[in-house]
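Start at 1 and go down the list; that is how both ligands and their atoms are numbered. Just the heavy atoms: all of them, side chains too, but no hydrogens, waters or symmetry mates, feed the values below.
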Amino acid sequence: MNTRVLTGITTSGTPHLGNYAGAIRPAIQASREAGVDAFFFLADYHALIKTTEDPGRVARSRLEIAATWLAAGLDPERVTFYRQSDIPEIPELCWLLTCVTPKGLMNRAHAYKASVDQNTAKGVDPDDGVSMGLFSYPVLMAADILMFNAHKVPVGRDQIQHLEMARDIAQRFNHLYGGDYFVLPEVVIAEEVATLPGLDGRKMSKSYNNTIPLFEGGASALRSAVMRIVTDSRQPGEPKDAENSHLYTLYRAFASAPASAEFRQALEDGMGWGDAKQALCDLLEHDLAAMRERYVALMAAPERIEDILMAGAEKARKLAVPFMAQLRDAVGLRRLGGGKAPAAAAGGKKAAGRTPRFVSFRDPDGSFRFRLLGADGEELLCSVPYADPKQAGAAMRRLQGEAASLRADGKTYAALLDDTPVAYGTEADDPGARDARLARTREALNVLAGDA
Ligand code: TRP
């Protein structure tokens, strides 16, 4: 199985040059690697947490961010690119996770604690201005990640705690419901990726008002921002301290190693700041001009972006819908009468998610079992009881991976691992019906082995 890499972008602003070099460019590069299935999504539900006062800004930001990623070379055929709010299974999963998340864990979240500290310092109620959205932000983020069983999640340092919480929550759910439902995601912090300095040398950030625009305002806005980069007062002809000038840091983030070395040498040899800024402008234009043209074209055709995102949502839901059916079954949200899982496609497109699947469950006596369900929900196998959920999980995975042997046995049939029956089919009225069901079981296992 490929490594699943997933990351979300909160849609609350307009991407600037720092976002491009620090997040967008490395993510797109990583998505082109072999053996990687990349999931990129617009975290627009997260955007609502901080931007309730300005719906227009969220709407605009969704468009700008989608257009930026596409213009920067994201290939929506290759990666799964979607909006969080187009996947109803995400808030649904969020609730299941909310119900297994200890409140005390959320009390410890940095973002929440910072609000409380500020309120305490101001002498107002500790929870003043804190919405439940802000408080349970990490649970929604866990749902984003666990919905697609992502292995790796590239994020900024400020998100490390959220990833730890996602692992905690996943582990808790797996434990409580006795199955390996969720992969424990790993955080990826790209150490070598430049955090670009802004105009004044501090980290480039909207909150410092020191950003260089990426595409907004076109070439002239880019140029006028570069001309405002703060430098020291050394005159042309005087040697410059390249290493300590953020103009050089910006240059280096876009130039090849030899070009950077040359630029550095020129500064040390006395190149004037005006010329240096002109050189930086030329370099950025060279990199960004074609992308900016694509951006402008995309911004003028929002319905094209809408189509791309809806196609991405459909791709994502092919995974989310059947997985959610399995999770609903796990927590006991099952069809009344008969043990069959709710139709996999509930709420989805008709054919989406109609594949055979294993579901784990817990017997009233506390032991752990699993079932194999056919694409139409027919029960094909039911395992023997296991005292240890790990053993049940291991047997389930082996059945899935190795195409176990099936043997007719009276009115039913058994699935064997190492010659020991680990699961049985439901009883049939006659040998013909039994063999037909056995054949369907064989086929379902083959489908799953192909998927695995
Ligand atoms: N919280 C992330 C941020 O502000 C955005 C985000 C939301 C995210 N859901 C995610 C990132 C899931 C990675 C995975 O940067």
For [X], counting its heavy atoms only, list the atoms of ligand 1 lying under 4.0 Å from any of them.
X	value
L6	14 (C)
T7	11 (C), 13 (C)
I145	12 (C), 14 (C)
H46	7 (C), 9 (N)
T10	3 (C), 4 (O), 5 (C)
V153	13 (C), 14 (C)
V155	11 (C), 13 (C)
A43	7 (C)

Discussion item. I'd like the name of whichever of A23, A47, G8, A143 reaches closest to atom 6 (C) of ligand 1 through any heavy atom.
Written reply: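 Result: the heavy atom closest to atom 6 (C) of ligand 1 is in G8.
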Discussion item. For residues 59-74, which residue pairs pass the side-chain hydrogen bond (donor to acceptor under 3.5 Å, both in side chains) check, not counting sequence neighbours?
Written reply: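 Passing the test, one end in residues 59-74: T14-E64, D44-R62, R62-S85.
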Discussion item. Test: ring-ring contact (aromatic ring centres under 6.0 Å, His included). Region: residues 305-327. Which pairs qualify, not counting sequence neighbours?
Written reply: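 Counting only pairs at least two positions apart or across chains, the ring-ring contact (aromatic ring centres under 6.0 Å, His included) contacts touching residues 305-327 are F182-F323.
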Discussion item. Less than 6.0 angstrom separating the ring centers of F254 and H286, yes or no?
Written reply: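 Here the rings of H286 and F254 have centres that are no less than 6.0 Å from each other.
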Practice prompt. Determine, using ring centers only, whether Y82 and F148 are less than 6.0 Å apart.
Written response: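 Yes, close enough.
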Worksheet item: Between D86 and R83, does at least one N-O distance fall below 4.0 Å, as a salt bridge requires?
Response: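 Salt bridge flag = yes for R83 with D86.
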Item to complete: State whether D388 and K390 are salt-bridged, where the test is any N-O pair (Lys NZ or Arg NE/NH1/NH2 against Asp/Glu carboxylate O) under 4.0 Å.
Response: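 Salt bridge absent between D388 and K390.
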Item to complete: Please report the C-alpha distance between R357 and Q400 in whole Å, then the side-chain angles of each, then the deciding distance to 0.1 Å, and finally whether the side-chain hydrogen bond (donor to acceptor under 3.5 Å, both in side chains) criterion is met.
Response: CA-CA 9 Å; R357 61 198 180 277; Q400 180 159 348; over 6 Å; no
Practice prompt. Looking only at protein heavy atoms, identify the closest one to atom 1 (N) of ligand 1 and say how far it is in Å.
Written response: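 Going by distance alone, atom 1 (N) of ligand 1 is nearest to Y137 OH, 2.6 Å.
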Worksheet item: Identify the closest protein heavy atom to atom 9 (N) of ligand 1: which residue and atom is it, and at what distance?
Response: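 In this structure, atom 9 (N) of ligand 1 has D144 OD2, 2.7 Å as its nearest protein heavy atom.
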Worksheet item: Do you know which two heavy atoms are closest between A444 and L380, and how far apart they sit?
Response: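 Closest heavy-atom pair between A444 and L380: CB-CD1, 3.7 Å.
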Worksheet entry | Nearest heavy atoms of L196 and L17, plus distance in Å |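 Heavy-atom minimum between the residues: CD1-O, 3.8 Å.
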Could you tell me whether [X] approaches ligand 1 through its side chain, its backbone, both or neither, with non-hydrogen atoms closer than 4.0 Å?
X	result
F41	side chain
Q159	side chain
I9	neither
D158	neither
L140	neither

Worksheet item: Quick check: does H162 get an N/O under 3.5 Å from an N/O on ligand 1?
Response: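 H162 vs ligand 1: no N/O contact under 3.5 Å.
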Worksheet item: When you measure from the side chain of T98 to the backbone N and O of C94, does any donor-acceptor pair fall under 3.5 Å?
Response: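 Yes, because the side chain of T98 sits within donor-acceptor range (under 3.5 Å) of the backbone of C94.
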Worksheet item: Are E186 and H151 close enough that a side-chain donor and a side-chain acceptor fall under 3.5 Å?
Response: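 No - no donor-acceptor pair under 3.5 Å links their side chains.
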